[in-house]
There are 2 protein chains.
Amino acid sequence: MKPTLQAVADAVGVSRSTVSNAYSRPDQLSATLRERILEAARQLGYPGPNPTARSLRRGFVGSIGVLFTSQLSYAFTDPFAVRFLAGVGGAAERHGTSMLLVPLPPAVTDARRAVENAAVDGFCVYCVADEEWALDVIRQRGLPFVSTAPRDNASADERFVGIDERAAAHSAAAHVAGLGHRRVALLADSVLPDAPAGPLTLAAVDQVPHPTTRGRLTGFADAFAEVGVGWAELTLVNVPGNSRPAAAAAIAGLFDQPAPPTAVLAGSDVLALGVLDALAARPAHDRPTVSVTGFDDVPEAAAAGLTTVRQPAEEKGRIAAELLLDPPADAAAGHVLLPTALVVRASTGPVPRS
Amino acid sequence: MKPTLQAVADAVGVSRSTVSNAYSRPDQLSATLRERILEAARQLGYPGPNPTARSLRRGFVGSIGVLFTSQLSYAFTDPFAVRFLAGVGGAAERHGTSMLLVPLPPAVTDARRAVENAAVDGFCVYCVADEEWALDVIRQRGLPFVSTAPRDNASADERFVGIDERAAAHSAAAHVAGLGHRRVALLADSVLPDAPAGPLTLAAVDQVPHPTTRGRLTGFADAFAEVGVGWAELTLVNVPGNSRPAAAAAIAGLFDQPAPPTAVLAGSDVLALGVLDALAARPAHDRPTVSVTGFDDVPEAAAAGLTTVRQPAEEKGRIAAELLLDPPADAAAGHVLLPTALVVRASTGPVPRS
DNA sequence: GCTAGTCTCTGTATCGATACAGACTGGATC
DNA sequence: GATCCAGTCTGTATCGATACAGAGACTAGC
């Protein structure tokens with residue numbers, strides 16, 4: 001059907017190797033012969049070496065995988081994820097490498113298979129949930145990877161780019177505590193798997209399984225412990241899924257309770273924006289003054305006047321891809337902590353006198 | 001190094017074929033033998049069939065390519081492109097297919113090579129510039145593709161999903177014309193390749209090379225022709241690149257001219273938002289009242305109160321992927337025109353009395 | 001004139017799997 | 001007891017290229 005490299009070789013009367021060299025190693029043959037070969041290829045409609053066959057023989061593919069442990073369409077909805085992807089894309093582009101986005105089916109068995117079958121040279125693991133099984137598969141395949149979230153049993157030689165979640169969260173909470181807030185709600189995505197939306201009682205913050213969420217909640221708790229507010233006095237609110245409507249729904253009832261929180265610390269900007277939505281949805285005469293903080297500093301946060309913790313999203317993606325594409329010789333350099341900064345905007349203020 | 005399928009076969013004492021069947025065709029062997037094989041594979045650390053070798057033999061890859069004729073990092077900056085990608089991603093996910101984002105180097109020779117080398121089963125071509133060369137390569141490779149923008153020499157059997165650019169643009173312009181505007185600027189990205197930012201004189205709209213841009217500009221011109229304003233009376237403004245700052249820079253000087261436009265029709269929301277930025281940047285006492293329209297209805301448009309033409313971005317991506325992944329038997333069904341709608345918001349109003 | 005060295009090009013082995021035809025069992029059918 | 005058949009498994013050919021060692025031809029140097 002489609003001509004192969006052999007067909008071109010036969011047409012020109014040279015060996016297959018020579019045709020291959022005409023494409024991949026121009027210095028291995030004379031310019032005139034090379035031109036003759038390419039011309040013959042053009043005549044025959046030969047589209048160049050088959051990428052799959054070439055990858056098999058060469059032992060690498062020329063593309064890196066990005067793994068989201070969530071719906072692929074969700075990834076494009078999350079502004080932080082999009083900035084991250086932009087960073088990965090930029091680095092990949094500079095490196096002449098493609099990006100493979102691998103959707104993971106809900107069932108773990110199928111998802112494992114998807115990771116096993118991805119034709120890539122390595123993975124950037126952007127996790128929104130527990131992804132240990134995925135790393136197992138990647139290790140088994142012998143592929144390099146970079147993870148972007150802290151993990152409980154990460155080994156020292158694993159490449160990583162991320163932030164100090166706990167310290168970053170602390171900065172936001174300390175700001176809110178400094179404004180005098182003592183009745184505070186902490187809002188986070190999937191605090192416990194399958195927990196319902198709304199307030200959730202948890203004996204200790206250590207029980208939160210997902211390391212990122214645990215890190216942020218711990219940072220929040222740290223800051224309030226410093227002003228004498230213990231974990232048990234904080235209201236923990238679970239949101240199943242990182243979306244504005246979900247956050248709005250989870251928080252809505254809270255403001256109608258006897259002693260409602262005067263501040264809400266959210267584990268992401270998306271959640272925080274959902275809290276602002278919930279407040280905005282109330283009639284003006286029944287709208288409590290609540291301080292709200294987010295996390296990430298996505299583009300929408302600035303427009304909404306949201307106080308938040310900035311982390312460099314695009315940078316994170318860029319560095320993740322670079323750590324993968326040209327690994328530093330020094331193992332320590334493979335562990336990158338990015339700076340974060342508290343960005344104070346209009347969404348936080350002193351406790352209103354009631 | 002890493003065990004191959006052969007190694008597993010040897011360990012269990014069966015043929016390579018049988019091990020292959022254990023993975024890919026479980027009905028071809030007894031359940032007990034299959035279990036023995038998978039167990040041995042686990043023992044040996046065999047990560048499952050090599051994706052590349054499998055693809056070579058089977059003749060397909062299990063992933064589709066998305067081609068942007070622009071920087072990959074740019075694609076994630078453009079809100080419309082992001083929604084499009086979300087649509088493609090959702091469809092790919094449902095189909096169990098991966099998405100390969102292929103960055104194209106600036107030089108055409110290199111870019112051709114990139115398209116030749118992409119290991120995919122087909123392409124969604126999201127073009128922001130002339131992409132005929134890319135389609136040539138894809139056709140030569142014998143791969144299916146779906147394009148999402150009108151093309152001048154598209155053949156009837158090519159799959160396509162898009163909108164009636166001209167009619168959609170007409171609806172926006174007719175709205176503005178109906179408000180009484182007669183001094184109007186048309187703003188578009190890359191009207192002519194390499195043209196400088198700012199006003200551009202063009203004898204006729206047919207001279208615009210890019211079909212999408214030409215379609216929209218023609219629609220704008222149509223509506224004004226109907227109220228007696230000819231092409232020559234419209235101010236055409238070129239923006240090199242679809243970004244807010246570029247649009248702001250290109251339009252800025254226009255409002256200081258003798259008879260400034262009372263309305264600006266932009267070829268995309270991003271450009272329109274740039275116009276609003278340019279206006280907002282002026283001191284309040286020197287800020288002309290200008291009606292502005294966009295195109296696409298990206299999420300930011302609603303927040304900015306921008307009058308625009310809505311086209312279903314995510315739907316476009318979804319349908320593009322579906323046309324690629326399960327092609328309709330009927331060729332006519334492979335050509336999908338999506339509906340558009342004029343969304344009137346605060347950014348357009350009657351001509352101010354001066 | 002002979003050895004070296006450089007340029008080109010060829011031939012064979014190999015990358016790691018899947019497809020497909022066929023061989024072998026053991027029981028059901030008549 | 002011969003025939004058929006379904007259920008399992010094997011063996012060989014093949015997918016389309018690249019790597020690498022080596023063969024010829026040709027120039028240079030002494």
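Proteins get letters first, then strands, A, B, ... in listed order; numbering begins at 1 in each. Fair warning: this is a prediction, and the values are worked out from it, not measured in the lab. FYI, side chains are in, hydrogens and waters are out, and symmetry mates aren't considered; it's all heavy atoms of this structure.
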To the nearest angstrom, the CZ-C1' distance between A:R25 and D:dT18 comes to 8 Å
When rounded to whole Å, the CD to C1' distance for the pair B:Q6 and D:dT10 reads 12 Å
Atom CZ of B:R58 and atom C1' of C:dG16 are separated, to the nearest Å, by 13 Å
Practice prompt. Would you please confirm or rule out a distance under 4.0 Å between OP1 or OP2 of D:dT18 and any side-chain N or O of A:S24?
Written response: yes
Rounded to whole Å, CG of B:L5 lies from P of C:dA17 at a distance of 5 Å
By nearest-nucleotide position on DNA chain C, the 5'-leaning member of B:Y46 and A:R16 is A:R16
- Message: Can you confirm whether more than 12 heavy atoms, excluding those of B:D194, are under 6.0 Å from its CG atom?
- Response: no
Atom CD of A:Q28 and atom P of C:dT8 are separated, to the nearest Å, by 9 Å
Here the distance between atom P of D:dA17 and atom CD1 of A:I37, to the nearest Å, is 14 Å
Indicate, with a heavy-atom threshold strictly under 4.0 Å, whether B:L56 touches base, sugar-phosphate, or nothing.
-> base
**Asked** Which part of the nucleic acid, if any, lies within contact of A:S17, taking any heavy atom under 4.0 Å across all strands shown: a base, the sugar-phosphate backbone alone, or nothing?
**Response** base
Nearest-nucleotide check on DNA chain D, B:A53 vs B:N21; residue mapping nearer the 5' end is B:N21
Partner of B:W133 under side-chain contact (heavy atoms from CB on, under 4.5 Å), picked from B:T109, B:V115, B:I138, is B:V115
Rounded to whole Å, the CG-P distance (A:D10 to D:dA17) equals 12 Å
A:L29 CG to D:dA23 C1', in whole Å, measures 17 Å
Counting only side-chain nitrogens and oxygens, does A:S30 get under 4.0 Å of the OP1 or OP2 atom of C:dC9? yes
Check: Does B:T18 have a side-chain nitrogen or oxygen under 4.0 Å from the phosphate oxygens OP1 or OP2 of D:dT10?
Finding: yes
Among D:dT10, D:dC15, D:dA19, the one nearest any side-chain atom of B:R57 is D:dC15
- prompt: If we ignore angles and hydrogens, is there a donor and acceptor under 3.5 Å between the side chains of B:D136 and B:Q140?
  reply: no
| said: With no hydrogens and no angle check, just 3.5 Å: does a side-chain donor-acceptor pair link B:S55 and B:T52? | reply: no
task = Would you check if B:L85 and A:L85 make a side-chain contact, meaning some heavy-atom pair closer than 4.5 Å?
result = no
| message | Quick check on C:dT18: is either OP1 or OP2 less than 4.0 Å from any side-chain nitrogen or oxygen of B:R54? | response | yes
